[in-house]
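Okay, structure first, notes after.
Everything numeric here is computed off the predicted structure, so don't read it as measured data. Counting starts at 1 for both ligands and their atoms, following the listed order.
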Amino acid sequence: MPVASRYNLLLPLHGEQQTLVFNTLRGSAVVVQPQDADRLGVYARPGSGSQPVWRSYGSHSPEVDQAAPTDSPGCWDTLLQLGILVETADAEERTLAAFLDDYWHPRTLKLTMAYTAACQMACGYCFQSGRNLKARHSPALFQGTLDFIEQQVKCHPELEGIHLGLFGGEPLTDVAMATSYIDQLQILSQKHNLSLDISLTTNGLNLHPDLILDWLPKGLKYVRVTLDGPAKIHDQRRPTHGNQPTFHRILSNLRRISNIAGFGLGVSINLDQGNEGAIGDLLDILVEAGLRTQIEILLEATLPTYKLGTLEDHRSQGLRMSTALDQVMLRGFRTPLYPGLCTPCNFVQSNNFVIDWSGNLFRCTFTMLDPQAVVGSVGEGARGVNQALLQSVRQAVGHCRAMQCAYLPLCGGGCRYEADLRTGNWSGHNCPLEYWDEVLPRSIPYTLGI
Ligand code: SF4
Ligand code: SF4
């Protein structure tokens, strides 16, 4: 007799006439009548947000593992295929273990490449403040980085592809080096029969259609540009080193590349108290510029550079995100299913390295200025500390499993950088349950178009 999945979220729709059941482990969804929802949500407890969601969190009596969720066998097959019903609770735990194993051991070598520290901007909140802006890969370091990548490929026959994330500093201050990395990785990936995907994270000042057209056939899949508000707000937060405005040049560049097909274009907004009231104004400008259907909006909390005790609580983060999300939804922009920082979290994934301008290796871009976060270098490879750190941070999900948290497949145990900021320990407790309770009842029905 099938039982309900403990990864079902129940989201009331249309004045509670219907319920959206969303399964976080399978990413599947179905709309049902409220009485059927009760049987599909036997583990569910009410969330703490301003819009209702029911989800598993905390212990439950053992008999719910045996509960038959519905008396209409005709639809069991569909619900079983969707993972909203499962054969047994134990079988579902094995599925979760396999899911986590895949999540922690991706078959893509993911490289976030900060080959230059240079940047034209002087953003007040930059998590890289204080770096040497002149640092960049020398020809020898360029070659050393390629050798490191090839070594990783040879040591990991399970790899199926390479992802090159162009990062900085500002990657487009040195287009020649970016293109050299792309060209060399194209050769390397073809030699080893691997796919090559490229993404670009840029401040947008040097974006140009010719660049996109050159990189598209080589594997460019995504471009991400930051705008923090309308000109008045953005230019205060993201001026040049000479305190010159940047908003209009970036917007113009965005428009010039937005009609080129074949890649995703995201406008990311660093969200905090300084710009939360101006998100609607920025979005109106983007609509007016004809960009509503060409871009997706990436809302992310502004994270501080390494410093203890500077983070907001998760509920406040969730409320701010929800308010901004409402503005995005009101105007019909695309936005991710799970709003916020990196999903998945690079920190906990093998085959995943941030390479900085000095050739040091890190697990997460936000740790790049913390000497204690160095896990190796392209010259020596990953040190033993890398594997030890990976094993230690993955243990954060022990709490999630003990709490039988329905958010585990999408949350992964919480951001490890935030955990370090809050507790002084990468493996520390950082549970954003209240954040998810607040934002998911908005984002899930919206992005599914329900
Ligand atoms: S630790 Fe946090 S900031 Fe770093 S990759 Fe993971 S989710 Fe992103
Ligand atoms: S860290 Fe995430 S998955 Fe773990 S209990 Fe908290 S909300 Fe759930």
Side-chain angles (χ1 to χ4, degrees), residues 6-9 24-25 43-45 47-49 53-59 96 99-100 103-104 106 110-112 114 127-128 163 165 167 199 201 224 268 270-271 298-306 310-311 313-315 317-318 321 336 338-354 356 361-370 373 375 386 389-390 392-423 425-441:
R6 71 182 57 173
Y7 299 99
N8 289 342
L9 310 183
T24 61
L25 186 52
Y43 297 102
R45 308 269 171 86
S48 58
V53 57
W54 279 263
R55 77 291 185 263
S56 170
Y57 186 78
S59 59
L96 176 75
F99 175 93
L100 287 175
Y103 177 73
W104 287 335
K110 186 171 176 186
L111 304 161
T112 303
F127 65 86
Q128 295 178 348
H163 177 92
F167 200 79
S199 67
T201 300
R224 172 193 181 100
S268 103
N270 296 308
L271 192 60
L298 310 168
L299 297 168
E300 295 181 349
T302 308
L303 286 187
T305 189
Y306 187 78
T310 53
L311 275 177
D313 61 88
H314 290 111
R315 180 156 174 74
Q317 286 179 342
M321 179 61 73
Y338 309 135
L341 277 170
C342 349
T343 306
C345 165
N346 301 332
F347 205 118
V348 299
Q349 291 191 306
S350 307
N351 300 326
N352 194 334
F353 294 102
V354 179
D356 82 351
L361 305 177
F362 300 85
R363 303 227 51 76
C364 159
T365 49
F366 282 97
T367 70
M368 284 164 70
L369 258 60
D370 178 5
V375 295
N386 183 54
L389 190 56
L390 276 172
S392 140
V393 292
R394 289 170 184 163
Q395 286 171 14
V397 300
H399 164 79
C400 319
R401 297 181 90 160
M403 296 311 291
Q404 305 190 57
C405 179
Y407 294 146
L408 177 49
L410 64 92
C411 172
C415 167
R416 295 297 93 209
Y417 177 63
E418 279 197 11
D420 193 32
L421 290 176
R422 291 184 198 280
T423 71
N425 185 344
W426 307 114
S427 313
H429 184 65
N430 176 43
C431 172
L433 184 80
E434 290 185 325
Y435 172 86
W436 294 127
D437 278 350
E438 192 60 48
V439 300
L440 293 177

Query raised in the report: Just checking, Arg45 and Tyr57: is the charged tip under 6.0 Å from the six-membered ring centre and within 45° of the axis?
Result: no
Report task. State whether Phe353 and Arg363 meet the cation-pi test: NZ (Lys) or CZ (Arg) under 6.0 Å from the six-membered ring centroid, and within 45° of the perpendicular axis. Result ->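 That pair qualifies as a cation-pi contact.
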Query raised in the report: Hey, is atom 6 (Fe) of ligand 1 within less than 2.8 Å of some N/O/S atom on Cys345?
Result: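 It does; at least one qualifying atom falls short of 2.8 Å.
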Requested in this report: Assess the side chains of Tyr417 and Asn430: does a donor N or O sit below 3.5 Å from an acceptor N or O?
Outcome: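 Checked: Tyr417/Asn430 side chains show no N/O donor-acceptor pair below 3.5 Å.
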Heavy atom of the protein closest to [atom] (residue, atom name, distance):
| atom | result |
| --- | --- |
| atom 4 (Fe) of ligand 1 | Cys364 SG, 2.4 Å |
| atom 5 (S) of ligand 1 | Asn346 N, 3.4 Å |
| atom 2 (Fe) of ligand 1 | Cys415 SG, 2.3 Å |
| atom 8 (Fe) of ligand 1 | Cys342 SG, 2.2 Å |
| atom 3 (S) of ligand 1 | Phe366 CD1, 3.4 Å |

Report task. Of all the heavy-atom pairs spanning Pro339 and Trp436, show the shortest one and how long it is. Result -> O-CZ3, 3.9 Å
Query raised in the report: Can you name the nearest heavy-atom pair linking Ala419 to Gly428, along with the distance?
Result: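 Closest pair (atom of Ala419, atom of Gly428, distance): CB-O, 3.5 Å.
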Query raised in the report: Checking side-chain contact (heavy atoms from CB on, under 4.5 Å) for the pair Arg401/Leu96: CA distance, chi angles, key distance, verdict?
Result: CA-CA 10 Å; Arg401 297 181 90 160; Leu96 176 75; 3.9 Å; yes
Requested in this report: Any atoms of ligand 2 less than 4.0 Å from a non-hydrogen atom of Tyr57? List them with their elements.
Outcome: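 So the answer, numbered in order with elements, is 5 (S).
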**Report entry** CA sep, side-chain torsions, deciding dist, call: Gln128, Met368, side-chain contact (heavy atoms from CB on, under 4.5 Å)
**Finding:** CA-CA 7 Å; Gln128 295 178 348; Met368 284 164 70; 3.7 Å; yes
Query raised in the report: Which protein N, O or S atoms lie under 2.8 Å from atom 6 (Fe) of ligand 2?
Result: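 Correct list: Cys431 SG.
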